Engineer: 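Sharing a structure with you now.
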Protein chains: 2
Amino acid sequence: MKLSTKGKYGLYAMYYLAQHAGEGCQSLRNVAEIGVPEDYLEQLLGTLRRAGLVTTVRGAQGGYALAKAPQEITVGDIIDALEGPLSISDCVGDESRCHKAGQCPSRRVWEYLSRSINGLLQSISLQDMLNETSFDDMERTLTADDPT
Amino acid sequence: MKLSTKGKYGLYAMYYLAQHAGEGCQSLRNVAEIGVPEDYLEQLLGTLRRAGLVTTVRGAQGGYALAKAPQEITVGDIIDALEGPLSISDCVGDESRCHKAGQCPSRRVWEYLSRSINGLLQSISLQDMLNETSFDDMERTLTADDPT
DNA sequence: GTGAATGTTGACAAGATTAGTCGGGTATGA
DNA sequence: TCATACCCGACTAATCTTGTCAACATTCAC
C-alpha cells in the first residue's frame, strides 16, 4: 500500500507554487527545480489544472500558479486529482460489485478506513505545510490519542 | 491509492478463520469458499503463516487456523504481512533517500499520514469484526470528529 | 506400507499500471 | 515573426498484480 510518485511529485509542485504565491506565475522549468523530469511534471500540472487546482498562462512569460489560496487547497485535493479517489476496495462506493453488500464486515472495515483516511488528507492544507508549527499541533493530537 | 486484492482476500480469509475458530483447522478448499482461486489463496495463506498469523497442519485432515486469538490479530497485521509495510513515500523510514530530510515539509506530511493510518489499521481486530457493534462505536467517534 | 488428502514451494505468464519520453501542436509577448 | 511557454496524445521499458501450474512433502485411514 503506497502512493505513486504522481501524488508525491504533485505535492512537491503545489508546495513550490504555494511558496511562490504572490510572485506571479512560475514556468515549468522553475517548478521542475523540485527534482522532477520536466516532461513528466507537465503531465501532472495539466491534470492539476483540469482539476481546478492551478491556473496557467500560455505564451512567453507564461507559467503556473495556484488557483486558490493555500489554505483552500488540501493534500487530499492534490492526491485525489492525481491518483484518483482513494479506493481501498472496489466494492466501496459500488454496491453492485459486492453480492452481499449489507452483511460483509470487511466492507465495513474498508468504508471506515476510506472515510478516516480521506478525512486525514482533507485536514492538511498547503497553508498548514507553510506554517511549520501546524505539524507540532498535529503530532500532539496524534500522540494524545495513542499513549504508547 | 488503493489496496491490492492480496490484502482484501487475506482479510476475507482471516475473517473466515476467525468465524470458525474452535472448530479445528479448515482446509484450503473450505477457506476458498470466500470466493478466491485456491491456487492463489494458497500463496496468501503461506505468507500469513510465515508472518505468524496462521498455523497449519499438513497431511490429510490438515488445514489452516488462526495462530492467535481474534482480539490479538489486527487488520494492520494482515495488511502488513501481505502488502508489506505501508510506505507512503520511500523517503519515510529511509533518511538516505531524501537529500534534505530535515527541512522537507512533504516528508512531515507523509510521516504524519503513515503513523495515522497505521494507527487506524492496528485499532481494528478480527474480534471487532466479529462484534458488529464495534463498528457503530467507530462510526460514532469518526462522525464526532467530523460534524459534516 | 500404500494411497488419497492436504499443505509447500518455486517457476511461469498475461495483463495492468507506473514512470517517464517524445514529437508535434497552440498561444503570447517582444 | 520568432522565441518562449503551455497543451496534448502516442509510445515504451520496467515493474507489479493476479493468478496458474507442476512437482514435492507430510499425514491419516486402511
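What you see is a predicted model, and the numbers here were worked out from it, not measured in a lab. Residue numbers begin at 1 in each chain, while the letters A, B, ... track the order of the sequences.
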Engineer: Under the side chain to side chain contact (heavy atoms under 4.5 Å, CB included) test against B:Tyr64, which residue among B:Thr56, B:Thr55, B:Val57 passes?
Structural biologist: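 Filter result, single survivor: B:Thr56.
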Engineer: Under 4.0 Å between a side-chain N or O of A:Arg29 and OP1 or OP2 of D:dC6?
Structural biologist: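 For D:dC6, OP1/OP2 do not have a side-chain N/O of A:Arg29 under 4.0 Å.
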Engineer: Distance check needed: D:dT4 P versus A:Tyr64 OH, whole Å only.
Structural biologist: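 The distance from OH of A:Tyr64 to P of D:dT4 comes to 17 Å, rounded to the nearest Å.
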Engineer: Is any side-chain N or O of A:Ser27 closer than 4.0 Å to OP1 or OP2 of D:dT4?
Structural biologist: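 So the side chain of A:Ser27 is outside the cut-off, no N or O lying under 4.0 Å from OP1 or OP2 of D:dT4.
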Engineer: Any base atoms under 4.0 Å from A:Leu28, or only sugar-phosphate, or nothing? Heavy atoms, all strands.
Structural biologist: sugar-phosphate
Engineer: Any side-chain donor-acceptor pair under 3.5 Å between A:Thr74 and A:Gln122?
Structural biologist: yes
Engineer: I need the CG-C1' distance between A:Leu41 and C:dC22, as an integer number of Å.
Structural biologist: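 So the two atoms are 16 Å apart, to the nearest Å.
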Engineer: Can you find a side chain N or O atom of A:Tyr9 that sits less than 4.0 Å from OP1 or OP2 on C:dG20?
Structural biologist: yes
Engineer: Mapping A:Glu42 and A:Lys6 onto DNA chain C by nearest heavy atom, which one lands closer to the 5' end?
Structural biologist: A:Lys6
Engineer: Just N and O in the side chain of B:Ser4: are any of them under 4.0 Å from OP1 or OP2 of D:dT17?
Structural biologist: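 So the side chain of B:Ser4 is outside the cut-off, no N or O lying under 4.0 Å from OP1 or OP2 of D:dT17.
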Engineer: Using whole Å, report how far CG of B:Leu3 lies from P of C:dA16.
Structural biologist: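 Spelled out: CG on B:Leu3 to P on C:dA16 is 20 Å.
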Engineer: What do you reckon, is NZ of B:Lys68 surrounded by more than 12 foreign heavy atoms closer than 6.0 Å?
Structural biologist: yes
Engineer: When you check the phosphate oxygens OP1 and OP2 of D:dC7, does a side-chain N or O of A:Arg49 lie under 4.0 Å from one of them?
Structural biologist: yes
Engineer: Whole Å only: how far is the CG atom of A:Asp39 from the P atom of D:dC8?
Structural biologist: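 About 15 Å, once rounded to whole Å.
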Engineer: Is it the case that B:Glu83 and B:Ser4 place a side-chain donor and acceptor less than 3.5 Å from each other?
Structural biologist: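 B:Glu83 vs B:Ser4: donor-acceptor pair found between side chains.
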Engineer: Provide, to the nearest angstrom, the distance between the CG atom belonging to A:Leu48 and the C1' atom belonging to D:dC8.
Structural biologist: 16 Å
Engineer: Touch check for A:Gln26, heavy atoms < 4.0 angstrom, all strands: base, sugar-phosphate only, or nothing?
Structural biologist: sugar-phosphate
Engineer: In whole angstrom, give the distance that lies between atom CG of A:Leu44 and atom P of D:dC8.
Structural biologist: 14 Å
Engineer: Just N and O in the side chain of A:Arg58: are any of them under 4.0 Å from OP1 or OP2 of D:dC8?
Structural biologist: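 Result: no.
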Engineer: Nearest heavy atom decides the nucleotide; on that basis, is B:Tyr40 or A:Leu45 closer to the 5' end of DNA chain D?
Structural biologist: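 Nearest nucleotide further toward 5': that of A:Leu45.
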Engineer: What integer distance in Å separates A:Lys2:NZ from C:dA19:C1'?
Structural biologist: 11 Å
Engineer: Can you see if the side chain of A:Thr56 gets near the phosphate of D:dC7 - specifically, an N or O under 4.0 Å from OP1 or OP2?
Structural biologist: yes
Engineer: Has the side chain of A:Thr5 got a donor or acceptor atom that lies under 3.5 Å from a matching backbone atom of A:Lys8?
Structural biologist: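 No.
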Engineer: What is the nucleic acid contact for A:Gly59, judged by heavy atoms within less than 4.0 Å: base, sugar-phosphate only, or nothing?
Structural biologist: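 Contact class for A:Gly59: base.
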Engineer: Start at the 5' end of DNA chain D and walk down; is the nucleotide closest to A:Gln61 or to A:Gln43 reached first?
Structural biologist: A:Gln61
Engineer: Which part of the nucleic acid, if any, lies within contact of A:Gly46, taking any heavy atom under 4.0 Å across all strands shown: a base, the sugar-phosphate backbone alone, or nothing?
Structural biologist: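 Touches nothing.
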